[in-house]
There are 2 protein chains.
Amino acid sequence: MTEPHTSTELAMRKLREAILSGELLPGDKLHQDRLADTLGISRTPLRAALTTLAQTGLVTYESNRGFAVREFSFDEVAGAFAVRAELEAMACRLAAGRMTETANQHLARLVAEGDRLLEPGQLLPDKLGEYRQMNVDFHTTVMQLSGNPWITSFVQSLHNVPAASDRVIMWRDFRVIERSHDDHRRIAHALALGQGERASAIMREHITFALEHLHLQLQLYPQDFLRVPVFDKPVKGRTGGRSKRTNP
Amino acid sequence: MTEPHTSTELAMRKLREAILSGELLPGDKLHQDRLADTLGISRTPLRAALTTLAQTGLVTYESNRGFAVREFSFDEVAGAFAVRAELEAMACRLAAGRMTETANQHLARLVAEGDRLLEPGQLLPDKLGEYRQMNVDFHTTVMQLSGNPWITSFVQSLHNVPAASDRVIMWRDFRVIERSHDDHRRIAHALALGQGERASAIMREHITFALEHLHLQLQLYPQDFLRVPVFDKPVKGRTGGRSKRTNP
DNA sequence: ACCCCGGGGTATGGATACATTTCTTGCCAA
DNA sequence: TTGGCAAGAAATGTATCCATACCCCGGGGT
């Protein structure tokens, strides 16, 4: 990955991170002057970054009204999972007919990596990052093996939907994690055998269940991941904010 | 559709049109100064437009090297059709369970519109625009009936792939058009009956066949729609061994 | 001859200044 | 009090200017 030598990319990364991490809340208005000041850049690259993020779907845009952090309804999140399930299942079907020895090894390595991380009988907090990365890699690998770049591209977009991403792993139940990892094992196995439909079915269930589990967790611990304030926008008054530089 | 009273949107429309119509050829470099001059705007909104188009996929972008009209390989076009088939088939499945009386009427109206346009026993050239619009509307309607906004959004993206769009209708064989329209009729029929799998299957074949037909046409009349010079890019021979990536 | 290196022209990236639109607020009238 | 209106404030959209990176071409070393 190329590092951002350009201010635009830097702004994009910072903003994306701020949004996905919850530092910026859904519905928050993205004030160009203030944001530019905060990021230490001018409005030009900031606007470029916002434009890109708007296309990506992380923020919304309206003419002459500016940008705002996008809010997602649960239905939209559910829809994202549904499309992911469909596309990744499709990827499995396609990949099954294109497997090579190196592809098999690659998937096997990712499965082994997961085995290693789960070997202690629990997912240790300091291993969470690695596990998350392994998970993302597994799904990405399968999609790339499909040979259809659109699949990868669209699923990538869906990962920008908060809580719909592979990056989100907050499963408290270790058995769920274990089962999920076992899905990976079976998918890799089926692909190695060229059994596309089988791999496809497992993948579909793998993702569909993730949604179901998210839904359940959402009801149990709503505040944890989806901070979608239904009515009370915090509206940071920022009374102590500086006044503008120029005077009338 | 709202009129673009912002220069950025104007630039986006003009550029998109210029690219999809073939006025700008794949691989063409998009010179900011010259383009801005041509469009009668300054570089700032032009760059915003180009940024958006780059995210959309119509143009490519590289840091400090600018924008260029994107080139698509046939495999990419084929992949676009494959994903379209999958997503629109999915839309049918979902829509079948959500049909209402007004939805039925809407689809029926579109089918009737097609009947009217094809009634003469051929597709008259001056009716081509109307038919194309009807075709787009039909597919869009089904996707919106699915209730999953991601489907509409992604298929919309795919329409930006030259030759993968519903807008492209250059079927010389009237029977093909008639058959295609009959697919629409059957899809509407199946949806009205709540037969999601059936509608889904027809839709998948409808789109898969479109690709096959495109492939055939491409072989017969290559110069007509895909001007993808396969090899004769004006490859600028790099005389010097100058490394292109400099140290940060 | 070939290749590496460097300088100038040119194009892109970013910052600032200006124009236009929208939002806010205070006032007046019903 | 409430509703609307208008003027000012503030934010967005655009133009222009400056900085920086890249490309091309010529020169010198091997």
Item to check | Candidate pair A:His184 and A:Asn135, rule side chain to side chain donor-acceptor pair (under 3.5 Å), full reasoning | outcome: CA-CA 9 Å; A:His184 285 199; A:Asn135 192 36; 3.2 Å; yes
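We find the CG-CE distance between B:Leu87 and B:Met203 to be 11.0 Å, quoted to the nearest 0.5 Å.
At whole-Å resolution of the value, CG in B:Asp37 and P in C:dT12 are 14 Å apart. One atom, CD of A:Glu62, and another, P of C:dT21, lie 17 Å apart when rounded to the nearest Å. Taking atom CD of B:Glu9 as the reference point, atom P of C:dT21 lies 14 Å away to the nearest angstrom. Between the C1' atom of D:dG13 and the OH atom of A:Tyr61 lies a distance of 7 Å, rounded to the nearest Å. The distance from atom CD1 of A:Ile41 to atom P of D:dA19 is 19 Å, rounded to the nearest whole Å. A:Asp33 places its CG atom 7 Å from the P atom of D:dT12, with the value rounded to the nearest Å. Between the CZ atom of A:Arg43 and the P atom of C:dC18 there is a distance of 14 Å, rounded to whole Å. C:dG13 atom C1' lies 14 Å from atom CG of A:Leu10, rounded to whole Å.
At least one side-chain nitrogen or oxygen of A:Thr8 sits closer than 4.0 Å to the OP1 or OP2 atom of C:dG14. Dashed line: the shortest gap from a side-chain N or O of B:Thr44 to OP1 or OP2 of D:dT16 is not under 4.0 Å. When the side-chain nitrogen and oxygen atoms of A:Gln32 are compared with OP1 and OP2 of D:dG13, one or more of them lie within a distance under 4.0 Å.
A donor-acceptor distance shorter than 3.5 angstrom exists from the side chain of A:Arg98 to the backbone of A:Leu145, with no hydrogens or angles considered. Checked by atom type and distance alone, the side chain of B:Ser153 never pairs as donor or acceptor with a backbone atom of B:Pro149 at under 3.5 Å. Using a distance-only test at 3.5 Å, with no hydrogens or angles considered, no donor-acceptor pair links the side chain of B:Ser146 to the main chain of B:Val142.
Not a single donor-acceptor contact under 3.5 angstrom links the side-chain atoms of A:Arg65 to the base of D:dG13.
Within a 6.0 Å sphere centred on NZ of A:Lys29, heavy atoms belonging to other residues, nucleotides or ligands number more than 12.
Taking every side-chain heavy atom of A:Pro45 into account, C:dG14 is the closest of C:dG14, D:dT12, C:dT12. When the nucleotides C:dA11, C:dG13, C:dA17 are ranked by their closest atom to the side chain of B:Lys29, C:dA11 comes out on top. Comparing D:dC22, D:dT12, C:dG14 by their nearest atom to the side chain of B:Asn64 picks out D:dC22. Counting only heavy atoms from C-beta on, A:Arg47 has its side chain closest to D:dT12 among C:dG14, C:dA11, D:dT12. Closest to the side chain of B:Ser42, from the set D:dT16, C:dT12, C:dT22, is D:dT16. With D:dA11, C:dT16, C:dA11 as the choices, the nucleotide that has an atom nearest any side-chain atom of B:Arg34 turns out to be C:dA11. Minimum atom distance to the side chain of B:Thr6 is reached by D:dG13, of the listed D:dT12, D:dG13, C:dT16.
Heavy atoms of A:Leu46 sit nowhere under 4.0 angstrom from any nucleic acid atom. Using a 4.0 Å heavy-atom cutoff across all strands shown, B:Leu50 reaches no nucleic acid atom at all.
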